[in-house]
Engineer: 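Handing you a structure now.
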Amino acid sequence: MKDEKILVLGAGSVGSYLATKLYNAQYHVDVIGRKAEKVGRQLYINNKKYNFPPVSKALKNGTSYDIVLLTSKLFDVKENLDLLAKSKIKSKINILLQNCIFDTSEFIGSSERNTFIAVVNDGFNLRGNQLTYIRGKGFLIEKSEHTCKIYSVFKDAEIEIATTKQISQQRAIKAIFNCSTNIFSAIYLKNYKGLFEDEKITKRIRNTYFESYDILSRKIEFDQSKETLWDNIYHRVKDMNHYPSTYQDIKENKKTEIASLNGHIVELGRKMNIPTPYNSKAIKEFNSRYPNLY
């Protein structure tokens, strides 16, 4: 067993994948998460069997960790950070892995911990102890002296990861993509391939993508045009047989992150006095179908 001690808190699809890879690379891994409790002793990643670390039901007060990975939904992050503080958990570095663009000061500014954000650019779908993993561009993390440890640990566990000096821009790009695809996957009950095979749906996705870009470009500087980003993403995912996280959530009747994605774009547009008809229409449709999952 290697020296580094790692906690995965909120282990759904992404968390279970990371916990499994790290555990099989001989790291000490503690896992807490309702979905992880259903996995058992083995997790199959693309039909390959891996040992799964023991799952705990609660934090052990005063435990020290080298790395804490918070992979819960955005609306649970604050609660989980408070839980770490109340349990007097000591950690050298916290990594937040969420799909949304958000103000990190709410989570980082009030904390004395070294807390950073990572971007997830792969596809994950966990059912029981079967996990489907679709490789994209891997995990992306801010390049700094504080994150070199997480980079080396992920590489050692054969987890695809890269660093960037533009993490805010990369988070925004991922959020724009999620705004324009996740909600329509839930509305039309289609995977990426099914969505992009339909010209009318593709047009809606493109319009929502451009609208989301236009709003966030008022807050974050992009080094690529919306047309270039759209072309790159379209050609990368149009043939993927992957159902995004929002689709997976509505199938399990779970609260989604749509409020933190499309809802966030609409709220920013309202504050800037900029109309957001495409996001607003999509939200209205989503709420008519899933009134309790927004």
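Residue numbers start at 1 and run along the sequence shown.
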Engineer: With hydrophobic residues grouped by side-chain heavy-atom distances under 4.5 Å, do Ile220 and Met272 end up in a single group?
Structural biologist: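 Same cluster: Ile220 reaches Met272 through Ile, Leu, Val, Met, Phe, Trp or Tyr contacts under 4.5 Å.
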Engineer: So Ser144 and Thr147, do their side chains get closer than 4.5 Å, heavy atoms only?
Structural biologist: yes
Engineer: Starting from the C-alpha separation in whole Å, work towards a yes-or-no answer on side-chain hydrogen bond (donor to acceptor under 3.5 Å, both in side chains) for Asp231 and Thr228.
Structural biologist: CA-CA 5 Å; Asp231 286 342; Thr228 298; 5.9 Å; no
Engineer: Between Lys92 and Asp66 (salt bridge meaning N to carboxylate O under 4.0 Å), is one present in this structure?
Structural biologist: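 Yes.
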Engineer: Taking atom CD1 of Ile95 and atom CZ of Phe154, what is their separation to the nearest 0.5 Å?
Structural biologist: 7.5 Å
Engineer: Tell me, yes or no, whether the heavy-atom count around Lys60 atom NZ, taken from other residues, nucleotides or ligands under 6.0 Å, exceeds 12.
Structural biologist: no
Engineer: Among all residues two or more places apart in sequence or in another chain, which pass the ring pair (Phe, Tyr, Trp, His ring centres under 6.0 Å) test with Tyr213?
Structural biologist: Phe222
Engineer: Below 3.5 Å, can you tabulate the donor-acceptor pairs from side chains in residues 130-143 to any protein atom, sequence neighbours excluded?
Structural biologist:
residue, atom, partner, partner atom, Å
Tyr133, OH, Asp122, OD2, 3.2
Arg135, NH2, Glu160, OE1, 3.0

Engineer: Within a 6.0 Å radius of atom CG on Asn47, are there more than 12 heavy atoms belonging to other residues, nucleotides or ligands?
Structural biologist: no
Engineer: Is it the case that atom NZ in Lys38 sees more than 12 heavy atoms from other parts of the structure closer than 6.0 Å?
Structural biologist: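 No - once you tally the heavy atoms of other residues, nucleotides and ligands closer than 6.0 Å, there are 12 at most.
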Engineer: Does a donor on one side chain sit under 3.5 Å from an acceptor on the other, for Asp249 and Thr256?
Structural biologist: no
Engineer: How long is the straight-line distance from OG1 of Thr181 back to CD1 of Ile176, given to the nearest 0.5 Å?
Structural biologist: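 Here the rounded value is 11.5 Å.
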Engineer: Side chains of Thr246 and Asn178: does their closest heavy-atom pair fall under 4.5 Å?
Structural biologist: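 Not in contact.
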Engineer: Side chains of residues 7-31: which donor-acceptor pairs under 3.5 Å do they make with residues two or more places apart or in other chains?
Structural biologist:
residue, atom, partner, partner atom, Å
Ser13, OG, Leu126, N, 3.2
Ser16, OG, Ala11, O, 3.4
Ser16, OG, Gly12, O, 2.8
Thr20, OG1, Ser16, O, 2.7
Asn24, OD1, Asn51, N, 3.4
Asn24, ND2, Thr20, O, 2.7
Asn24, ND2, Asn51, O, 2.7
Tyr27, OH, Asp156, OD2, 2.7
His28, NE2, Asp30, OD1, 3.2
Asp30, OD2, Tyr65, OH, 2.6

Engineer: List the steps, then state whether side-chain hydrogen bond (donor to acceptor under 3.5 Å, both in side chains) holds for Ser245 with Asn99.
Structural biologist: CA-CA 9 Å; Ser245 58; Asn99 277 326; 3.3 Å; yes
Engineer: To the nearest 0.5 Å, tell me how far Ile89 CD1 sits from Asn80 CG.
Structural biologist: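 If I round to the nearest 0.5 Å, the distance is 11.5 Å.
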Engineer: Tell me, please, which residues at least two apart from Tyr234 pass ring pair (Phe, Tyr, Trp, His ring centres under 6.0 Å).
Structural biologist: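 Scan of Tyr234 (ring pair (Phe, Tyr, Trp, His ring centres under 6.0 Å), adjacent residues dropped) gives Phe196, Trp230.
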Engineer: Assess whether a salt bridge exists between Arg34 and Glu37, defined as any Lys/Arg side-chain N lying under 4.0 Å from an Asp/Glu carboxylate O.
Structural biologist: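 No.
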Engineer: Assess, by modelled atom type and distance only, whether the side chains of Ser212 and Asn279 contain a donor and an acceptor separated by less than 3.5 Å.
Structural biologist: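 Yes, because at least one side-chain N or O of Ser212 sits under 3.5 Å from a partner of the opposite role on Asn279.
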Engineer: Give a yes/no verdict on a cation-pi contact between Lys238 and Tyr192, requiring under 6.0 Å between NZ or CZ and the six-membered ring centre and an angle within 45° of the axis.
Structural biologist: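 No - Lys238 does not lie over the ring of Tyr192 by the 6.0 Å and 45° rule.
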Engineer: Among all residues two or more places apart in sequence or in another chain, which pass the ring pair (Phe, Tyr, Trp, His ring centres under 6.0 Å) test with His146?
Structural biologist: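 Per chain and number, His146 pairs via ring pair (Phe, Tyr, Trp, His ring centres under 6.0 Å) with Phe116.
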Engineer: Given Leu97, which of Ile117, Val77, Thr71 fulfils the side chain to side chain contact (heavy atoms under 4.5 Å, CB included) condition?
Structural biologist: Thr71
Engineer: Is Lys193 salt-bridged to Glu197, going by a charged N under 4.0 Å from an acidic O?
Structural biologist: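 Looking at Glu197 together with Lys193, the answer is yes, because their closest N to O distance falls below 4.0 Å.
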Engineer: If you look only at pairs with a residue in residues 281-293, which of them pass as a side-chain hydrogen bond (donor to acceptor under 3.5 Å, both in side chains), with sequence neighbours excluded?
Structural biologist: Arg204-Glu285
Engineer: Quick check: is Leu69 connected to Phe124 through a chain of hydrophobic side chains (ILVMFWY, heavy atoms under 4.5 Å apart)?
Structural biologist: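 In one cluster with Phe124: Leu69, yes.
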Engineer: Evaluate the criterion salt bridge (charged side-chain N to carboxylate O under 4.0 Å, His left out) for residue pair Asp82 and Lys86; output intermediate values, then yes/no.
Structural biologist: CA-CA 6 Å; Asp82 289 343; Lys86 290 177 182 177; 5.8 Å; no
Engineer: Within this structure, what is the CD-CZ distance for the pair Gln166 and Arg171, rounded to the nearest 0.5 Å?
Structural biologist: 13.0 Å
Engineer: What I want to check is whether the side chains of Asn129 and Gln42 have a donor and an acceptor closer together than 3.5 Å.
Structural biologist: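 No, no side-chain donor-acceptor contact under 3.5 Å.
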Engineer: Between the side chains of Ser217 and Asp214, does any donor sit under 3.5 Å from an acceptor?
Structural biologist: no
Engineer: Do Ile173 and Tyr278 sit in one hydrophobic cluster, given that two such residues count as connected whenever their side-chain heavy atoms are within less than 4.5 Å of each other, even indirectly?
Structural biologist: no
Engineer: Answer yes or no: does atom NZ of Lys149 have more than 12 heavy-atom neighbours from other residues, nucleotides or ligands under 6.0 Å?
Structural biologist: no
